[in-house]
Amino acid sequence: MLILECPCCGVMADETELAPGGEAHLKRYGPGSSDEEFEGYLFHRMNPKGVHFERWRHANGCGKWFLAARDTNTLEVFATYSAQTPEPPQHVLDAIRAKRPDWSLDQ
Amino acid sequence: MSEVSALMGAVAEGRTRVEEGGLVGMITLRGDLDSARVKAAVKDATGLDVPGQRQVVTGDDASVAWMSPDELLIVVAHDQAPGTVAAMAQALADEFATVANVSDARALFRVSGPSAREAVAKLAPVDLHPASFGAGEMRRTRLAQVPAAIWLSGDDELSLICFRSVAKYVFGILELSAADGAEVGIF
């Protein structure tokens with residue numbers, strides 16, 4: 001069972017209170033982008049086995065979106081943080097590197 | 001405004017009593033909760049301060065609950081709601097804020113008795129043990145399959161708010177969970 005702390009209301013929210021929103025920090029190429037960019041956005045995700053950045057919504061709670069850094073292999077949660085963040089903040093990267101010294105953002 | 005509540009005050013008697021709370025005035029305020037004008041409007045309407053994160057404050061004839069970082073729920077008497085909404089909307093006319101009367105969109109339930117916490121805890125993914133969940137906290141969560149908000153309204157009494165459209169479902173699961181003989185005795 002996945003339990004994430006909602007940074008908006010401070011609740012340790014059970015997975016069943018949350019709605020998943022897919023990968024975080026994506027650049028969404030749309031009209032006006034090149035075919036390669038759009039194809040990359042749609043089909044060529046890294047999808048690593050391990051550290052993921054994800055969007056979640058506290059749907060049965062405060063209703064707010066937030067972001068989470070977690071390991072999809074071990075279900076370990078490194079941090080949850082504000083959705084108003086264009087890239088992972090330093091304290092989140094530090095939390096990941098503390099447990100995954102070999103990990104890099106652009107793996 | 002509706003003249004009857006969702007289940008017209010239905011009651012399930014037993015060692016744990018489940019009761020539909022009847023007509024209650026509920027007002028949603030959305031806006032910047034740090035704004036001085038929002039704080040003043042809440043104070044003028046209810047005599048209460050804006051509560052902190054996940055807190056609910058109760059006065060003589062009103063309650064104010066923190067629902068999300070930009071949302072409050074104000075509970076007043078049913079016949080007071082339209083007047084309170086009008087007064088607050090006028091006070092916040094120039095503020096980026098919305099005041100809405102949601103009395104008829106919601107249903108209120110009260111679960112009371114020595115095993116009231118347990119009856120609700122069976123339905124929600126929340127630690128309702130007295131050490132973790134005390135008076136003055138407003139917890140929005142899931143009750144079986146529907147969203148709900150829970151707070152402690154007495155020593156052995158919990159109050160719940162859910163959408164009116166699912167009131168019968170919520171009454172049904174509460175009645176089943178609170179049935180005599182269904183106590184677990186873990187709290």
Side-chain angles (χ1 to χ4, degrees), chain A residues 1-26 28 52-93 95, chain B residues 26 28-34 50-56 64-73 98 100 102 105-106 120-129 131-134 136-152 160-163 165-166 169-170 173:
Chain A
M1 183 63 78
L2 184 63
I3 295 176
L4 299 176
E5 181 176 5
C6 172
C8 302
C9 66
V11 158
M12 293 301 287
D14 181 283
E15 187 178 348
T16 58
E17 264 185 39
L18 304 167
E23 194 177 341
H25 306 303
L26 284 181
R28 293 171 197 282
H52 272 244
F53 297 94
E54 294 174 331
R55 301 163 73 230
W56 287 90
R57 192 170 88 87
H58 197 185
N60 286 320
C62 67
K64 299 296 180 194
W65 284 96
F66 63 92
L67 305 183
R70 70 181 186 100
D71 191 314
T72 51
N73 190 26
T74 62
L75 295 188
E76 191 174 5
V77 177
F78 301 109
T80 55
Y81 53 103
S82 164
Q84 284 71 42
T85 313
E87 56 193 38
Q90 193 58 43
H91 73 92
V92 174
L93 297 178
Chain B
M26 290 183 239
T28 287
L29 167 66
R30 294 202 83 138
D32 178 3
L33 302 187
D34 292 327
V50 170
Q53 190 183 57
R54 293 207 314 282
Q55 298 299 298
V56 51
V64 182
W66 188 98
M67 301 297 272
S68 87
D70 57 1
E71 181 181 347
L72 295 178
L73 180 72
T98 304
V102 296
R106 309 277 170 86
V120 177
K122 279 190 257 178
L123 302 167
V126 181
D127 183 1
L128 291 179
H129 190 278
S132 314
F133 185 82
E137 180 171 355
M138 183 68 156
R139 181 65 157 85
R140 291 179 76 182
T141 182
R142 168 181 71 83
L143 214 60
Q145 300 187 39
V146 296
I150 305 168
W151 74 100
L152 212 62
L160 302 100
I161 290 174
C162 68
F163 288 117
S165 54
V166 294
Y169 170 78
V170 168
I173 54 175

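All figures in this text were calculated on a predicted structure; none of them were measured in a lab.
For chain A, the nearby parts of B:Arg142 are the backbone and the side chain; heavy atoms of each come within less than 4.5 Å. Using a 4.5 Å cut-off between heavy atoms, A:Met12 touches chain B through its backbone atoms (N, CA, C, O) alone.
The line from SG of A:Cys62 to CD of B:Gln53 is 8.5 Å long, rounded to the nearest 0.5 Å.
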Starting from the C-alpha separation in whole Å, work towards a yes-or-no answer on side-chain contact (heavy atoms from CB on, under 4.5 Å) for B:Val126 and A:Glu17. CA-CA 10 Å; B:Val126 181; A:Glu17 264 185 39; 4.0 Å; yes
Walk me through whether A:Lys64 and B:Asp70 qualify under side-chain contact (heavy atoms from CB on, under 4.5 Å). CA-CA 10 Å; A:Lys64 299 296 180 194; B:Asp70 57 1; 2.9 Å; yes
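By the neighbour-count criterion of 12 heavy atoms within 6.0 Å, atom CD of B:Gln145 is sparsely surrounded, having that number or fewer from other residues, nucleotides or ligands. No more than 12 heavy atoms of other residues, nucleotides or ligands lie within 6.0 Å of CZ in B:Phe163, so this atom counts as exposed by the packing criterion.
Shown here for A:Cys8 and B:Trp66, the closest heavy-atom pair between the two residues is O-CH2, 3.6 Å.
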